[in-house]
Amino acid sequence: MRKKIIAGNWKMNKTPSEAVALIDELKPLVANDEADVVFCVPAIDIIPALEAAKGTNIKIGAENMYYEESGAYTGEISPSMLTDVGVKYVIIGHSERREYFAETDVTVNKKVLKAFEHGITPIVCCGESLTQREQGVTIDFIRQQIKIAFLNVTAEQAKTAVIAYEPIWAIGTGKVATTEQAQEVCAAIRTCILEIYGEDTASEIRIQYGGSVSASSAPELFAQPDIDGGLVGGAALKADFGKIVNYK
Ligand code: 13P
C-alpha cells in the first residue's frame, strides 16, 4: 500500500516572516499520519520554514535546485546546500520552470540524477498543454517526458521518486482535470515506469495529480487507484490545505 504524499508548492509567494506565520497557522490543520505532508517553499524561506515546522509532521522541500555541485552559477542553489539544512524533497521540472526558465527534459534528467546522488527525493513534474491534449498526443508526450527524466535512474532510486502529473491547462486556472482524465494519465505514467523498471518499481513509485486541486476535488482525485496524492499550488497557501491533507 503506497503512502499518500500531499505537497504544497508555494511558488514565488510568502516572505520569510510570512512563511513562518503560515506554517504556524497550518501546522495544527495538516496533522495526518497517514500521508506525507511536504511544503515546498522559496529558497529564502527554507531555513525559517524548517525551524517553524520542527516537531510537526511537515517536511520542508525546495522548489528547484541546480545540477552542479558548486561553482560559478550565479543565483543557483546546489544540492548540498539543501541537504546541509535538512531538505528531503525538491520539485524538479515544474511547467513554470520549463516555460519561463528554459528548463528542458534533459536538464530535468540531470537534476533528477543529482537529487538522487544526494539522497533528496525529486518530485518530477510532467504535463501536457491544452493544444497537446486537443491534438490527442497527451499520453505520448508524457511518456517521452518520463522516459527522459528517468534516463540512467536505477530501479532502486525510481522506487523512491515522486512524479507529479500536472496538466498545464489546469494549473492556476480553476479548471481541474476530471477524475477520469487525471486517473488515465497517472495510470499511463505507472505503465511507462513498469515498462522501464518492472512491477516492483511501478507499484512503489508515487504519482501525484496537480492543477487546481481544492478541498472539494481532492477526495475523489486521491481515491483513484493510481493517484497517490497531490501537488497543490494556490490552495496550499490557505487553511484549505488542511482539508486537502485530511481529505478522507
Ligand atoms: P494550482 O493548484 O494553483 O493550480 O497550482 C498547481 C501547481 O502548479 C502545483 O505545482
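One-based numbering, in listed order, for ligands and for the atoms of each. Residue numbers count from 1 along this sequence.
Electrostatic pairing of D240 and K243 counts as a salt bridge here, judged by a charged N lying under 4.0 Å from a carboxylate O. Using a cut-off of 4.0 Å between Lys/Arg side-chain N and Asp/Glu carboxylate O, K147 and D105 are scored as not salt-bridged.
Residue G234 has at least one heavy-atom neighbour below 4.0 Å for each of these atoms of ligand 1: 1 (P), 2 (O), 3 (O). Of all atoms in ligand 1, listed by their number and element, those nearer than 4.0 Å to a heavy atom of G172 are 1 (P), 3 (O), 4 (O). The distance from ligand 1 to the heavy atoms of N9 drops below 4.0 Å at these ligand atoms: 9 (C), 10 (O). Remark: ligand 1 atoms within the under-4.0 Å shell around heavy atoms of A170 are 4 (O). Residue K11 approaches ligand 1 through these ligand atoms, each under 4.0 Å from one of its heavy atoms: 5 (O), 6 (C), 7 (C), 8 (O). Near S212, meaning under 4.0 Å from any of its heavy atoms, are these atoms of ligand 1: 1 (P), 2 (O), 4 (O). Of all atoms in ligand 1, listed by their number and element, those nearer than 4.0 Å to a heavy atom of G211 are 4 (O), 6 (C).
Ranking protein heavy atoms by distance to atom 9 (C) of ligand 1, first place goes to E166 OE2, 2.8 Å. In this structure, the protein non-hydrogen atom closest to atom 2 (O) of ligand 1 is G233 N, 2.9 Å.
Around the CD1 atom of I47, the shell of radius 6.0 Å holds no more than 12 heavy atoms that belong to other residues, nucleotides or ligands. With a 6.0 Å radius and a threshold of 12 heavy atoms from other residues, nucleotides or ligands, E220 has its CD atom at or below the threshold. Heavy atoms from other residues, nucleotides or ligands lying under 6.0 Å from NZ of K3 number more than 12.
Side-chain contact between C125 and I91 is present, with at least one heavy-atom pair separated by less than 4.5 Å.
Side-chain contact annotation: Y197 with E156, donor-acceptor N/O pair under 3.5 Å absent.
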